[in-house]
Colleague: 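Okay, here's the structure, questions in a sec.
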Amino acid sequence: MEMMPITDIIVQNKYLRTNTNVDTLIESIENIGLISPLIINQENKLIAGGRRYSALKQMGREEVPIIKVDEGDLKEELISIDENLVRKNLTDLEFENCLRRGKEIYEKLNPESVEEITIKDLARPSKKKVVEEELNEEMMAQTEQAEIRTFVKDTAEKTGLSERAIKAAILRDRDSSHSVKSARLNGELGATQANELIKLPQDIQEEILPYIREKASNVVKDLVKEVQNVGAKEAIEKVLAKDPLTTDFRAIKNTTKRLNRSLVKVITENRFVDGPEREDALKELASLKSSIDELMEFYN
C-alpha cells in the first residue's frame with residue numbers, strides 16, 4: 001500500500017466532511033487499524049476519506065496510506081459523492097443534492113443508463129403492479145436478458161434505500177423552489193410536505209409557502225390539489241377561510257354587528273334602566289372597550 005506524507009494531501013473538496021467529530025473513528029483506528037486508505041487523485045487532492053483524514057491528522061500521523069486514482073474530473077466527483085451517500089451524518093438536503101448530482105454525472109459517464117424521473121414516480125405502486133414487476137424480473141432472469149444498470153438501481157443497492165425513495169429525493173432537490181428548501185432547512189417543512197409542493201411550478205410554490213409553513217402534510221396536500229383545480233389565489237382564500245384565527249375574527253365581526261344594533265336601539269329609544277342589570281352591562285361594556293382599544297393599538 002502506498003504511503004504519503006499527510007501534509008502533501010490537498011483538501012479542497014466540497015463533498016468532504018473534515019470538521020465532524022471523529023473521536024469514535026480514532027478509537028477504532030487505534031484498536032483495529034485503518035481499514036480503508038484515503039483516495040487521492042493525480043494532483044494529490046483528497047477525493048474520499050475526509051473523516052479518516054481528520055482522524056489521522058488528529059492522531060499525529062505523519063504518513064498515511066493512500067490509493068491514487070486517475071479517473072477524470074467527473075468520475076472522481078462521483079467517487080466523492082458515492083462515499084457521501086453511504087454516510088449517515090448528511091442533512092436531508094445535502095443527501096438529496098448528492099443524489100441529484102450523482103445521477104447527473106453517472107448518466108454522463110453511462111449514456112445508456114439515462115432514466116427520466118417525473119412526479120409520477122412518487123405514486124405508490126399498487127399490489128397488482130408490484131406482482132407484475134416481480135414476474136417481469138423473474139422472466140428477465142430466466143431469459144438472461146441484460147438489464148441496464150441505472151444510477152437509481154446502483155444507489156439502492158449501495159444505500160439500502162428503495163428506488164422510490166431515491167427518486168423522490170432527486171425530485172425534491174431538482175424541483176423545489178429556493179424558499180421551500182430554506183423552509184425545510186429551518187424545520188418549517190418536511191420531506192412529505194415538499195413531495196406535495198414539487199407537484200407545482202416553483203413560482204407557485206413560493207406564492208403559497210407562507211400559508212403552509214409548519215402545517216400538517218394533509219393540509220399541504222389539500223392545498224396543492226386546490227391550486228391544481230382552481231388556481232393559487234382562490235386556493236389560498238379557501239385555506240384562510242379554514243384558519244382558526246380567521247374563524248375567530250369572523251365571529252368577532254358578527255357578534256359586534258349584533259351588539260351595535262342593540263346599542264343603537266337602546267340609545268335612540270332611550271331605553272335605559274336602573275338596577276343590577278344596568279351595572280353589569282356597563283361593566284361588560286367597559287371590559288369590551290378595553291379589549292377593543294388593545295386590539296386596535298396592535299393593528300395600528
Side-chain angles (χ1 to χ4, degrees), residues 13-21 47-51 73-110 113-125 149-210 212-221 223-224 227:
N13 187 324
K14 66 180 181 180
Y15 297 107
L16 297 177
R17 295 296 183 273
T18 56
N19 58 349
T20 57
N21 187 291
I47 295 173
R51 295 186 73 251
D73 292 343
L74 287 179
K75 186 65 178 292
E76 290 172 6
E77 185 179 355
L78 189 59
I79 291 172
S80 296
I81 289 172
D82 276 348
E83 175 160 289
N84 254 359
L85 292 177
V86 297
R87 282 223 320 270
K88 303 300 182 185
N89 60 336
L90 292 176
T91 67
D92 288 345
L93 294 178
E94 288 172 335
F95 187 72
E96 291 163 10
N97 183 256
C98 281
L99 284 173
R100 183 199 56 76
R101 177 58 179 160
K103 179 178 183 293
E104 184 179 293
I105 296 172
Y106 188 95
E107 292 178 349
K108 282 184 179 179
L109 296 172
N110 306 280
S113 72
V114 173
E115 178 182 24
E116 183 182 5
I117 299 177
T118 69
I119 204 70
K120 292 180 180 179
D121 290 302
L122 293 182
R124 295 186 180 278
R149 191 171 186 79
T150 65
F151 173 79
V152 171
K153 291 183 180 295
D154 186 64
T155 305
E157 291 181 9
K158 290 176 181 177
T159 62
L161 294 171
S162 70
E163 292 186 21
R164 179 179 176 274
I166 293 170
K167 289 178 179 180
I170 292 171
L171 284 172
R172 286 194 296 273
D173 185 77
R174 188 190 74 189
D175 295 344
S176 293
S177 73
H178 175 75
S179 294
V180 168
K181 290 181 180 179
S182 296
R184 289 187 61 204
L185 191 63
N186 296 333
E188 298 168 324
L189 286 177
T192 304
Q193 288 92 330
N195 284 347
E196 295 298 328
L197 286 172
I198 60 176
K199 296 174 183 178
L200 303 172
Q202 291 189 8
D203 60 330
I204 303 299
Q205 295 177 34
E206 298 276 335
E207 185 176 354
I208 69 173
L209 180 60
I212 49 86
R213 290 179 187 272
E214 299 181 347
K215 292 291 194 298
S217 56
N218 64 309
V219 175
V220 180
K221 184 176 182 179
L223 177 57
V224 168
V227 171

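Reckoned from all heavy atoms, side chains included, excluding hydrogens, waters and symmetry mates.
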Colleague: Which heavy atom of C98 sits nearest a heavy atom of I81, and at what distance?
Modeller: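 Scanning both residues, the minimum pair turns out to be O-CG2, 3.4 Å.
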Colleague: Between S80 and I47 (side chain of the first, backbone of the second, donor and acceptor by atom type, cut-off under 3.5 Å), is there such a pair?
Modeller: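 A pair under 3.5 Å: yes.
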Colleague: Going by ring-ring contact (aromatic ring centres under 6.0 Å, His included), name the pairs with one or both residues in residues 149-186, residues two or more places apart or in two chains.
Modeller: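 Found Y106-F151.
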Colleague: Run the side-chain contact (heavy atoms from CB on, under 4.5 Å) check on I208 and L197 step by step: do they pass?
Modeller: CA-CA 9 Å; I208 69 173; L197 286 172; 3.6 Å; yes
Colleague: Check whether N97 reaches the backbone of E94 with its side chain - one donor and one acceptor, N or O, closer than 3.5 Å.
Modeller: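 A pair under 3.5 Å: no.
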Colleague: Nearest heavy-atom pair of T155 and L85: which atoms, and what distance?
Modeller: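 Minimum heavy-atom separation between T155 and L85: CG2-CD1, 4.0 Å.
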Colleague: Nearest 0.5 Å, what's the CD-CG distance between E77 and D73?
Modeller: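 Separation between the atoms: 8.5 Å.
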Colleague: Taking all atoms of both residues into account, what is the closest heavy-atom pair of L122 and A168, and its distance?
Modeller: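 Answer, listing the atom of L122 first, then A168: CD2-CB, 3.2 Å.
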Colleague: Below 3.5 Å, can you tabulate the donor-acceptor pairs from side chains in residues 185-193 to any protein atom, sequence neighbours excluded?
Modeller:
{"residue": "N186", "atom": "ND2", "partner": "S182", "partner atom": "O", "Å": "3.2"}
{"residue": "E188", "atom": "OE1", "partner": "R213", "partner atom": "NH1", "Å": "2.4"}
{"residue": "Q193", "atom": "OE1", "partner": "G190", "partner atom": "N", "Å": "3.3"}
{"residue": "Q193", "atom": "NE2", "partner": "K215", "partner atom": "O", "Å": "3.1"}

Colleague: If the condition is salt bridge (Lys or Arg N to Asp or Glu O under 4.0 Å), which residues does E206 pass it with, not counting sequence neighbours?
Modeller: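 Expected list: none.
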Colleague: Any chance you could measure E163, atom CD, to I117, atom CD1, to the nearest 0.5 Å?
Modeller: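 It is 9.5 Å, given to the nearest 0.5 Å.
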Colleague: Rounded to the nearest 0.5 Å, what separation is found between the OG1 atom of T159 and the CG atom of D154?
Modeller: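 Here the interatomic distance stands at 9.5 Å.
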Colleague: CG of D175 to CG of L200: how many Å apart, nearest 0.5 Å?
Modeller: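 Between atom CG of D175 and atom CG of L200 there are 11.0 Å.
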Colleague: Could I get the full list of salt bridge (Lys or Arg N to Asp or Glu O under 4.0 Å) partners for E196, not counting sequence neighbours?
Modeller: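 With sequence neighbours excluded, E196 shows a salt bridge (Lys or Arg N to Asp or Glu O under 4.0 Å) to K199, given in chain and number order.
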Colleague: Before accepting this row, confirm whether a basic side-chain N of the pair K103/E115 lies closer than 4.0 Å to the acidic partner's carboxylate O.
Modeller: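 Judged by the 4.0 Å cut-off on N to carboxylate O distance, K103 and E115 do not form a salt bridge.
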Colleague: I'd like to check I198 versus V180 (side-chain heavy atoms, cut-off strictly below 4.5 Å). Are they in contact?
Modeller: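 No, every pair of side-chain atoms sits at 4.5 Å or beyond.
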Colleague: For L161 and I166, work out which heavy atoms get closest and say how close.
Modeller: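 Heavy-atom minimum between the residues: CB-CG1, 4.0 Å.
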Colleague: Measure from the side-chain N and O atoms of K75 to the backbone N and O of L109, and report whether any donor-acceptor pair falls under 3.5 Å.
Modeller: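 Absent.
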Colleague: Ignoring hydrogens, what is the shortest heavy-atom contact between N195 and I119? Give both atom names and the distance.
Modeller: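 In terms of heavy atoms, the two residues are closest at O-CD1, 4.4 Å.
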Colleague: So E96 and K181, do their side chains get closer than 4.5 Å, heavy atoms only?
Modeller: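 They are not in side-chain contact.
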Colleague: If we only count heavy atoms from C-beta on, is the T118 to D121 side-chain gap below 4.5 Å?
Modeller: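 The answer is yes; the side chains approach within 4.5 Å.
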Colleague: Partners of R174 by salt bridge (Lys or Arg N to Asp or Glu O under 4.0 Å), sequence neighbours excluded?
Modeller: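 Partners of R174 under the salt bridge (Lys or Arg N to Asp or Glu O under 4.0 Å) test: none.
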Colleague: Are any side-chain N or O atoms of Q205 and backbone N or O atoms of S176, one a donor and one an acceptor, separated by less than 3.5 Å?
Modeller: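 Not a single qualifying donor-acceptor pair exists.
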Colleague: To the nearest 0.5 Å, what is the distance between CZ (R184) and CG (L93)?
Modeller: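 If we round to the nearest 0.5 Å, R184:CZ and L93:CG are 5.0 Å apart.
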Colleague: Taking all atoms of both residues into account, what is the closest heavy-atom pair of R51 and N21, and its distance?
Modeller: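 Smallest interatomic distance, heavy atoms only, reads NH2-O, 3.0 Å.
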Colleague: According to side-chain contact (heavy atoms from CB on, under 4.5 Å), who are the partners of E104, at least two apart in sequence or on a separate chain?
Modeller: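 R100, R101, K108.
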